[in-house]
Amino acid sequence: MNASFPAKYARTRKILAKRLKVYLKDANPENVRSLRIAIRRMSLSIELLPKKMRKEKATQTFAASLDQASKANAKVRDLDIVISKISSYKPEVSIDNQIAKIKETRESQVQAARRQTLALQKQPIPKVGEKDLSNPKLQKRLNKTTNRLFLAIDNRLPLVLQDSNNVRDLHLLRMDCRRLRYLAELFRSKKTSRVLSRLRSWQDLLGFIHDSDLTIDYLRNLGEGLEMQTILNDLVALRTQSYEKFGSIAKQIYPVSLVL
């Protein structure tokens, strides 16, 4: 049986606090990634709170701080993705030099991100108790959020399948799928197992496409020599393969009821 939402919310708070502490000690790529996941899950939990709680000044201040820390660390995460992609290729002097330059840029981004993250750590995380929540109201909020995500996915999917170069909607589709997966995991049941399996397979491919698009755009803006062009050509080919595979498995995700 699923634990109550307040218990799950408390666990989300605990994980966020832990990952903030670990990140501020060492903002390595894995800690940046883990922190961003914790922030996203916390933000989604905040969205499910009743309107009265969401509108409280302390909650809004905390939510804004979450958003600022997430955006600051997104810039660091993007550079980590580029470094990871490029580093997977055979070492060359020009490649190593470029990686060194990207790492220098990353370090400056980390300093700015740490300031936002430290500010977030200083914010008290809103607490939720059983008495603060009405189950029918929470279920209504959950239904509204999931239905909105299903609608967004249904509307965006045709746009993505019609145009392989629609980078913006591919990225937004990935974000919608991720948020829906977090909700399904938060309120896991037998009914959600099928949609979770589909969402995970979609996300694997959409994540690879996004990371490729990010790196391809970065390399194109560099305008570097033959070694980088070789990597660029390979990334484009792999990205095309992933897009075609996604198109072959992309079928409608039928709505399921997420029950508290």
Side-chain angles (χ1 to χ4, degrees), residues 1-19 34-67 69-71 120 123-157 169 171-204 206-207 250-260:
M1 181 180 294
N2 285 328
S4 65
F5 177 72
K8 295 174 184 178
Y9 181 92
R11 183 172 182 274
T12 302
R13 291 177 72 252
K14 184 177 180 180
I15 291 173
L16 175 62
K18 178 180 179 180
R19 291 186 177 172
S34 296
L35 175 62
R36 296 194 70 234
I37 292 172
I39 287 175
R40 288 195 295 261
R41 290 185 182 274
M42 189 76 249
S43 295
L44 189 59
S45 294
I46 293 289
E47 286 183 36
L48 294 176
L49 297 178
K51 185 176 181 179
K52 182 179 179 180
M53 296 185 69
R54 296 197 314 273
K55 294 298 182 181
E56 290 177 356
K57 184 176 181 180
T59 303
Q60 291 190 329
T61 300
F62 175 70
S65 189
L66 278 173
D67 186 56
S70 179
K71 288 179 178 178
L120 171 61
Q123 291 288 337
I125 306 176
K127 293 183 178 181
V128 173
E130 294 283 356
K131 61 181 179 59
D132 298 316
L133 297 173
S134 162
N135 198 69
K137 287 185 178 180
L138 181 57
Q139 184 67 61
K140 182 179 179 180
R141 180 68 179 168
L142 176 61
N143 291 341
K144 183 177 179 179
T145 303
T146 53
N147 289 338
R148 185 171 65 245
L149 287 171
F150 277 123
L151 181 61
I153 291 170
D154 285 343
N155 289 338
R156 211 177 303 281
L157 185 58
D169 281 309
H171 178 53
L172 292 175
L173 176 64
R174 172 174 168 261
M175 292 174 64
D176 290 335
C177 288
R178 182 173 60 204
R179 283 166 54 80
L180 185 59
R181 177 172 67 85
Y182 286 170
L183 280 175
E185 289 173 347
L186 190 60
F187 300 100
R188 191 186 300 269
S189 69
K190 290 182 179 180
K191 292 183 178 181
T192 65
S193 60
R194 182 167 62 90
V195 74
L196 268 174
S197 176
R198 179 66 56 78
L199 286 168
R200 288 185 182 122
S201 66
W202 280 28
Q203 273 197 282
D204 286 343
L206 290 171
K251 298 178 181 179
Q252 182 179 2
I253 297 178
Y254 295 100
V256 295
S257 296
L258 302 183
V259 183
L260 299 179

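Along the sequence shown, residues carry numbers from 1.
Within the 4.5 Å cutoff, the side chain of R188 has heavy atoms near those of the L196 side chain. Between L44 and L186 the shortest side-chain heavy-atom distance does not fall below 4.5 Å. In this structure, the side chains of W202 and I153 come closer than 4.5 Å at one or more pairs of heavy atoms. No side-chain heavy atom of F150 sits under 4.5 Å from any side-chain heavy atom of D176. The closest side-chain heavy-atom distance from Y182 to I37 is below 4.5 Å.
To the nearest 0.5 angstrom, L16 atom CG is 7.0 Å from L35 atom CG. Between the CG atom in L48 and the OG atom in S43 there is a gap of 11.0 Å [rounded to 0.5 Å]. Considering CE of M175 and CG of L180, their distance stands at 13.5 Å, rounded to 0.5 Å.
Summarising the geometry of R174 relative to Q203, their closest heavy-atom pair is O-NE2, 4.2 Å, with the distance given to 0.1 Å. The two atoms that bring F62 and P124 nearest to each other are CD1-O, 3.8 Å, heavy atoms only. Closest approach of R36 and S70 over heavy atoms only: NE-O, 3.6 Å. Residues I125 and M42 share a closest heavy-atom pair of CG2-SD, 4.1 Å.
Applying the 6.0 Å contact sphere to CZ of R11 captures no more than 12 heavy atoms from other residues, nucleotides or ligands.
Contact check on E185 versus R181 returns a salt bridge, with a Lys/Arg side-chain nitrogen under 4.0 Å from an Asp/Glu carboxylate oxygen. Salt bridge annotation for K71-D67: present, with a cationic side-chain nitrogen under 4.0 angstrom from a carboxylate oxygen.
Within the 3.5 Å criterion, the main-chain N or O of K8 finds a donor-acceptor partner in the side chain of T12. At least one donor-acceptor pair closer than 3.5 Å links the side chain of T59 to the backbone N or O of M53.
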